[in-house]
Amino acid sequence: MSLIIQKEAALYVRVSTDKQDELSPDAQIRLGKDYCQKNDLHLRNEYIYQEHGISGRNADKRPQFLKMIADAKSPEHPFDTILVWKFSRFARNQEESIVYKSLLRKQCNVDVVSISEPLIDGPFGSLIERIIEWMDEYYSIRLSGEVIRGMTEKALREGYQTSPPLGYDAVGGGRPFIINEDQYRIVDAIFNMYDSQHLPPTTIARRLNQMGHRTRRGNLFEKRAVVLILRNPFYYGLVRWNGHEFIGNHETRLSKEQYDIRIQYMDSVFRPMGRHSVETCKHWLSGVVKCPICGASLSFNPAKKCPFFQCYNYAKGKHEQCISISEKKLVTGILESLSNILSTQEITYRYIPPKTEEADLSALYEKELERLSVKKNRIRQAYENGIDTLEEYRENKQRLEEEQENLESKLEELRASQDKKISDEQMLNKVQNVYGILSDPDIPYEVKGQALRSIVEKVIYDKPHKKLLVYYYFR
């Protein structure tokens, strides 16, 4: 009497994010178990892989699918067949479907079987399978296009369809979002800490986490999440979706003027290359003071008797001369520099224009001018090598020179519009504000660091001459 060994099966169950007529996960599992009973297959519960609310367009976004593939490739060879309700549950991307099915069959000796779409053996069955895969992918692409068109039409009718930001709840039907008071208290705290207390985003995130607050998705706050909330125009009334925008009818507690002032301040913050944010530093002067020998930052050493700053590279043995200064002398020197400016009403500073669309356009014009210069060299070489006639060279040269003249004219106009005329009075007002913050012993070090960085690009301690060189900027 021969012993019949049942083949092992796995079952992959997926329910898509789109609104389509498909079986529930329970129904797919029931049909899978029925199929196994009728076809002498053994299905273990640990080899039932389920994905809920996940599209089949990309495998890398389906963790259970990837786990199933990894299990199939394992040396244990836990199953011989993967069952799916329909081939569309396995993948809606024909390229990925072919790749994974080929891998499973050739490397793992595992077949993919559709319960509701039986195929005959041989080339004709393979052809039918490819046709089904193509139709599934076409349906997915078409459905995606229909969804986008519907959402675009909804946006044009000023309907609400984006996920509500922290502090708001959706009510459905495209109607305006309503305020969630519990969540909005977190938003209010973020606005207050940044606009009134001038705390940096990382510090705000840290404090929110310490207070037990979480993001809308229940995650810990981080700098990026705080910045997105601070920059989100929805809080003053502007609704955006895929390039469409309108002023919505939802309740707002932030004015457009307050938002503009905040964004202007955020865009004005200048961070030189290599400078760390103050919230990651041990002292509000860390990362600002530089060594005159190697240019490295002077690191803060919080020694109990006499805290001091010392060149990082000297501490590592990279140069012989010791560049160090006590915290007291350094802070006193900074305050004296600011005080001297206020008493003399004279200051030397560098204007750093903020990054704008005009600045990007200026860079584009400059790049195009470089390309024109290369083209002019090429047409000259073509003429000298006898490829172009003199008449052709003259026509091409004239055309390129006209393009160059047009670009240079546009670039000159753009630069003229970018030349923002600032008065010393504006800069002196900023110095006055910073001096008041740095002089107050009760203000947190993060606020002092932010204030200093808003006008000081760097400080160089010239130890041989016992001088502090403070480089101011305006943006």
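- Remark: the backbone N or O of K328 is paired with a side-chain donor or acceptor of T332 at under 3.5 angstrom.
- A salt bridge is absent between K367 and E370; no separation between the charged side-chain nitrogens and carboxylate oxygens falls under 4.0 Å.
- Taking Q258 as the reference, S255 meet the side-chain hydrogen bond (donor to acceptor under 3.5 Å, both in side chains) condition, with sequence neighbours excluded.
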Evaluation steps, side-chain contact (heavy atoms from CB on, under 4.5 Å), between S297 and K290
CA-CA 4 Å; S297 297; K290 304 293 181 179; 2.9 Å; yes
side-chain contact (heavy atoms from CB on, under 4.5 Å) for L166 and F221? Distances and angles first, verdict last.
CA-CA 12 Å; L166 185 69; F221 277 94; 3.9 Å; yes
Audit row: V15, S24, side-chain contact (heavy atoms from CB on, under 4.5 Å) steps and yes/no:
CA-CA 7 Å; V15 180; S24 67; 5.9 Å; no
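- Minimum interatomic distance between Y259 and L230 (heavy atoms only, all atoms of both residues): CE1-O, 3.8 Å.
- Annotation: side-chain hydrogen bond (donor to acceptor under 3.5 Å, both in side chains) contacts of R207 (sequence neighbours excluded): none.
- With sequence neighbours left out, Q50 forms a side-chain hydrogen bond (donor to acceptor under 3.5 Å, both in side chains) with H52.
- Classification of the F474-Y349 ring pair by plane angle, with boundaries at 30° and 60°, yields tilted.
- Not a single donor-acceptor pair under 3.5 Å links the side chain of T203 to the backbone N or O of L199.
- Using modelled atom types, one side-chain atom of N180 and one backbone atom of D182 make a donor-acceptor pair closer than 3.5 Å.
- When the salt bridge (Lys or Arg N to Asp or Glu O under 4.0 Å) test is applied to E327, no partner is found at least two apart in sequence or on another chain.
- Within the 3.5 Å criterion, the main-chain N or O of G167 finds a donor-acceptor partner in the side chain of Q183.
- Applying the salt bridge (Lys or Arg N to Asp or Glu O under 4.0 Å) test to D71 and every residue at least two apart in sequence or in another chain returns K67.
- Summarising the geometry, atom CG belonging to L31 is positioned 11.0 Å from atom CG belonging to L83; distances are rounded to the nearest 0.5 Å.
- S116 contributes a side-chain N or O that, together with a main-chain N or O of W85, makes up a donor-acceptor pair within less than 3.5 Å.
- At least one donor-acceptor pair closer than 3.5 Å links the side chain of E51 to the backbone N or O of F65.
- With hydrogens and angles disregarded, no donor-acceptor distance shorter than 3.5 Å links the side chain of N232 to the backbone of L228.
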Working note: D80 + V110, criterion side-chain contact (heavy atoms from CB on, under 4.5 Å); need CA distance, chi angles, decisive distance, verdict.
CA-CA 5 Å; D80 307 287; V110 173; 5.7 Å; no
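- Here the two rings, on F309 and F300, have centers that are under 6.0 Å apart.
- A cation-pi arrangement is found for K256 relative to Y236, the charged atom lying closer than 6.0 Å to the ring centre and inside a 45° cone about the ring normal.
- Here the closest heavy-atom approach between residue P176 and residue V171 is recorded as O-CG2, 3.5 Å.
- Of all the heavy atoms in S454 and K430, the pair that sits closest is O-NZ, 3.5 Å.
- The distance between the ring centers of H250 and Y168 falls below 6.0 angstrom.
- A salt bridge links D169 to R216: one of the charged nitrogens lies within less than 4.0 Å of a carboxylate oxygen.
- Formation of a donor-acceptor pair under 3.5 Å by the Y473 side chain with backbone atoms of R453 is found in this model.
- With sequence neighbours left out, K73 forms a side-chain hydrogen bond (donor to acceptor under 3.5 Å, both in side chains) with no residue at all.
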Quick one, Y35 with R30, criterion side-chain hydrogen bond (donor to acceptor under 3.5 Å, both in side chains). Give me CA distance, side-chain angles, the key distance, then yes/no.
CA-CA 9 Å; Y35 183 91; R30 186 183 68 254; over 6 Å; no
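- Side chains of Q450 and H198: a donor-acceptor N/O pair is absent below 3.5 angstrom, by distance only.
- A pairwise comparison of heavy atoms in M68 and Y12 identifies SD-CB, 3.7 Å as the closest pair.
- Taking the centre and axis of the six-membered ring of Y472, the NZ or CZ atom of R350 falls outside the cone set by 45° and 6.0 Å.
- D195 has a carboxylate O that lies under 4.0 Å from a charged side-chain N of R262, or vice versa, which qualifies the two as a salt bridge.
- With respect to the salt-bridge test (charged N to carboxylate O, under 4.0 angstrom), the residues E446 and K448 do not qualify.
- The two atoms that bring Y47 and P78 nearest to each other are OH-CB, 3.2 Å, heavy atoms only.
- In this structure a side-chain-to-backbone donor-acceptor pair under 3.5 Å is present from N429 to E425.
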